[in-house]
Asks: 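Handing you a structure now.
Letters A, B, ... mirror the listed sequences (proteins, then strands); counts begin at 1. Treat the numbers as computed from the prediction; the structure is a model and nothing was measured.
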Amino acid sequence: MGTLQAIPLNHYIFLSVILFSIGVMGVLLRRNAIIIFMCIELMLNAVNLLMVAFSAHHGDGAGQVFVFFIMAVAAAEVAVGLSILIMMHRNTNTTDVGFLNKLKF
Amino acid sequence: MKALILLSGLGFLGILSEILNFKKIIYKLTIVGLILTLGITFLEWDNPAPLQFSNMVNFDNLAISFIAVLVLTAILWFLTSAPIFEDNEHVADKTTLILFALVGAVCMVSYHNVTMLFIGIEILSICMYVMAGSKKGDLGSNESSMKYFLMGAFATGFLLMGIAFIYGATASFDIAEIKMYMENSPEHLELVYTGILLLVIGLSFKISAVPFHFWAPDVYDGAPIQVTSLMSTIVKTAAIAAFYKLFTVSFGSQSETWECTLSYIAGITIILGNLIAVFQSSAKRMLAYSGISHAGYLLLAILANNASGGNALVYYTLAYSVATIAAFAIITLVLQAKGNTNFSSFEGLGKKNPLLALATIISMLSLAGIPPFAGFFGKYYLFTSYLENHGIGLVVVALIGSAISIYYYFRLIVTMFKGESEEVIPMSGTVKLVLILCILFTVALGIFPDVMSGGW
């Protein structure tokens, strides 16, 4: 707690916004589904960092509890996401999302 | 609250049916359970203590109405979707996933703490990702579930970032406390504005409003048709209800910060959704775009920013869900008989299939907003609630959108009576029952619109 408050809150906000933006750019630019998953995780972890920083700043535990929920949900989401990826890999033999172009009008 | 517990219990029963080997009857058990839930939901009307579980959920009359809409839609959906529960291997999994999706939807309409909103969205979404990919060998279904998952998780990132910023400013997740903070000259406005903007992005993704709609047509098109029907009714209702609650309760006093953005989103959604729907050759994809345009109309209720907006929302989602369930039931029947959902497959079907034709006419007229059907009064209430404290500009845009939509809804009706076909589409008893129920519902809601609006 003490060391956390020695660093101004602004630094945490900047760091997590930068991490979040890297995640967003990764999702938008990369073509490999696994890398996209990792970038989404990066976005969620940026949020976790921000929540914990705010929680410590306000001296309020709710933010840290929320982080636990985000972690649990992210784990469930990745479990489902990876199984969807495996299903896709079985049918197309690739993890490149560029292959997902069957549905167009 | 009882609805939440009952639905979760039904979900667990679904899992148990796999282990204890009574999955042959789980489908019927679910329908009975849902009807029971619907009845018990109404018993909670005018609940004296709506806040429950340490203020995590709020079962006020608005939430109860939305739960009733969701459960009613789910019953109709289960009755029309018997084909996907015939495959004996996965019947328990599918039933359970749908029931838990419904639990998520109930959390989303009744939350009083942003934590519950997040958990509800995730419970709903994770079940729907799996359901979208439930045709494992089909490339379209694979693509649909992958896109849905990637876009859903991406949108969740924005939503959470928004929640984090709002928490940073207000130090609370409780929507009533956020409301108090917003009303009493908020500090840290930069955090509040960024948070609200990110929440608009995240929730617009979830309701598939333009410009965050690009995933929706592909996902709706690729998923098995019954799942598409579920996505465009229950998921949309829950998402718009969550959106409405967060923005009118928590950020209602800050409306000048989000009103302009959301007005543009609503206007573009209505026009673009309707325009692209005109050029579709498949009825399923046409309904996907029509669903996008309806998200635009529903945004008017959020922009109205008053209690009558909530009432209009309940009425509209009910009218829209019933008509959409009927439309998808019809498309499913044609898909089973003809193997595709192109408009050409509908040619001449109206002559030998009177019930099919009548259900198509009434559901399409209701979706287009032609009086005296329910869809007309849905739009009417939405527009009047919006006009209470706004100018007429966006309503004119919405009316132009409705005029465009008449073209493609009527196209399906006209196709059904054009050309020669002696084909009789086989229809099971339950589907007939659902179509008749949907017709009666749409007509009755249209003739007696006060039944719904007088209640609260």
Side-chain angles (χ1 to χ4, degrees), chain A residues 9 12-13 16-17 20 23-24 27-28 33 36-37 39-55 57-60 62-63 65-70 72-74 76-85 87-92 95 97 99-105, chain B residues 113-116 118-119 121-123 125-127 129-130 132-133 136-154 156-165 167-174 191 194 198 217-222 276 279-282 285 288-289:
Chain A
L9 183 65
Y12 288 98
I13 298 179
S16 41
V17 167
F20 187 79
V24 171
V27 173
L28 295 178
I36 296 181
F37 280 10
C39 292
I40 289 174
E41 287 300 301
L42 198 58
M43 287 166 70
L44 295 186
N45 281 319
V47 175
N48 287 351
L49 179 65
L50 192 60
M51 287 268 192
V52 173
F54 279 137
S55 175
H57 176 75
H58 291 305
D60 173 55
V65 175
F66 201 121
V67 169
F68 276 115
F69 279 116
I70 298 179
V73 165
E77 212 168 51
V78 165
V80 168
L82 287 177
S83 29
I84 293 172
L85 188 69
M87 179 175 76
M88 185 183 124
H89 190 264
R90 275 191 192 140
N91 289 324
T92 60
T95 54
V97 288
F99 259 74
L100 302 176
N101 57 4
K102 304 283 176 298
L103 303 169
K104 279 204 182 109
F105 76 100
Chain B
N113 190 305
V114 189
T115 321
M116 282 305 281
F118 165 65
I119 291 172
I121 287 183
E122 285 306 307
I123 295 175
S125 303
I126 289 177
C127 296
Y129 303 150
V130 181
K136 280 184 281 186
D138 180 48
L139 276 183
S141 179
N142 286 184
E143 179 176 342
S144 155
S145 90
M146 192 71 188
K147 279 187 175 162
Y148 196 21
F149 171 74
L150 290 177
M151 286 302 115
F154 190 49
T156 304
F158 281 99
L159 185 83
L160 283 173
M161 201 63 176
I163 294 174
F165 276 116
Y167 174 67
T170 63
S172 173
F173 291 118
D174 190 287
L191 291 180
T194 323
L198 286 164
D218 290 355
V219 170
Y220 284 17
D221 197 11
I276 304 178
F279 298 107
Q280 300 305 315
S281 56
S282 146
R285 218 172 156 87
Y289 278 105

Asks: Step by step, would you call B/M161 with A/M43 a side-chain contact (heavy atoms from CB on, under 4.5 Å)?
Replies: CA-CA 8 Å; B/M161 201 63 176; A/M43 287 166 70; over 6 Å; no
Asks: Can you see which heavy atom on A/M87 is nearest to which on B/N142, and at what distance?
Replies: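 Closest approach of A/M87 to B/N142: CE-ND2, 3.3 Å.
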Asks: Considering all heavy atoms of both residues, which atom of B/A171 and which atom of A/D60 are nearest to each other, and what is their separation?
Replies: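 In terms of heavy atoms, the two residues are closest at O-OD2, 3.6 Å.
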Asks: When heavy-atom pairs shorter than 4.5 Å are enumerated against chain A, which of B/T156, B/I163, B/V130 gives the highest number?
Replies: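 Highest number of heavy-atom pairs under 4.5 Å: B/I163.
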Asks: Determine whether the aromatic ring centres of B/F173 and A/F66 lie less than 6.0 Å apart.
Replies: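 Ring-ring flag for B/F173/A/F66: true, centres closer than 6.0 Å.
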Asks: Report yes if the side chains of B/F154 and A/L28 come closer than 4.5 Å at any heavy-atom pair, otherwise no.
Replies: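 Yes, close enough: below the 4.5 Å cut-off.
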Asks: To the nearest 0.5 Å, tell me how far B/M146 CE sits from A/T92 OG1.
Replies: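 The CE atom of B/M146 sits 9.5 Å away from the OG1 atom of A/T92.
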Asks: Is there side-chain contact between A/V27 and B/L150, with heavy atoms separated by less than 4.5 Å?
Replies: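 A/V27 does not reach B/L150 side chain to side chain.
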Asks: How many angstroms lie between CZ in A/F68 and OG1 in B/T115, if you round to the nearest 0.5 Å?
Replies: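 OG1 of B/T115 is found 14.0 Å from CZ of A/F68.
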Asks: Nearest heavy-atom pair of A/L44 and B/G157: which atoms, and what distance?
Replies: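 Closest approach of A/L44 to B/G157, heavy atoms only: CD2-CA, 4.0 Å.
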Asks: Is there a donor-acceptor pair closer than 3.5 Å between any side-chain N or O of B/Y167 and the backbone N or O of A/F54?
Replies: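 Between the backbone of A/F54 and the side chain of B/Y167 there is no qualifying donor-acceptor contact (under 3.5 Å).
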Asks: Compare every heavy atom of A/N91 with every heavy atom of B/K136, then report the nearest pair and how far apart it is.
Replies: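 Closest approach of B/K136 to A/N91: O-ND2, 2.9 Å.
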Asks: Quick one: closest heavy-atom pair of B/G168 and A/H58, and the distance?
Replies: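 Closest approach of B/G168 to A/H58, heavy atoms only: O-NE2, 2.6 Å.
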Asks: Which region of B/F149, side chain (C-beta onward) or backbone (N, CA, C, O), has a non-hydrogen atom less than 4.5 Å from a non-hydrogen atom of chain A, or is it both or neither?
Replies: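 Answer is side chain: those atoms of B/F149 sit under 4.5 Å from chain A.
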Asks: For the candidates A/V24, A/N48, A/V97, which exhibits the highest count of non-hydrogen atom pairs separated by less than 4.5 Å from chain B?
Replies: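 Max contact count across the listed options: A/V24.
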Asks: What's the spacing between B/L160 CG and A/F20 CZ if we round to 0.5 Å?
Replies: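 Interatomic distance, B/L160 CG to A/F20 CZ, rounded to 0.5 Å: 8.5 Å.
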Asks: For B/Y129, is it the side chain, the backbone, both or neither that has a heavy atom under 4.5 Å from a heavy atom of chain A?
Replies: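 Contact with chain A: backbone and side chain both.
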Asks: Answer with side chain, backbone, both or neither: which region of B/L191 has an atom nearer than 4.5 Å to a non-hydrogen atom of chain A?
Replies: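 It is the side chain, since no backbone atom gets that close.
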Asks: Measure distances from A/I13 to the heavy atoms of chain B and classify the residue's part below 4.5 Å as side chain, backbone, both or neither.
Replies: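 Only the side chain of A/I13 comes within 4.5 Å of chain B.
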Asks: Got a second to check how far B/K147's NZ is from A/I84's CD1, nearest 0.5 Å?
Replies: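 So the gap between those two atoms works out to 13.5 Å.
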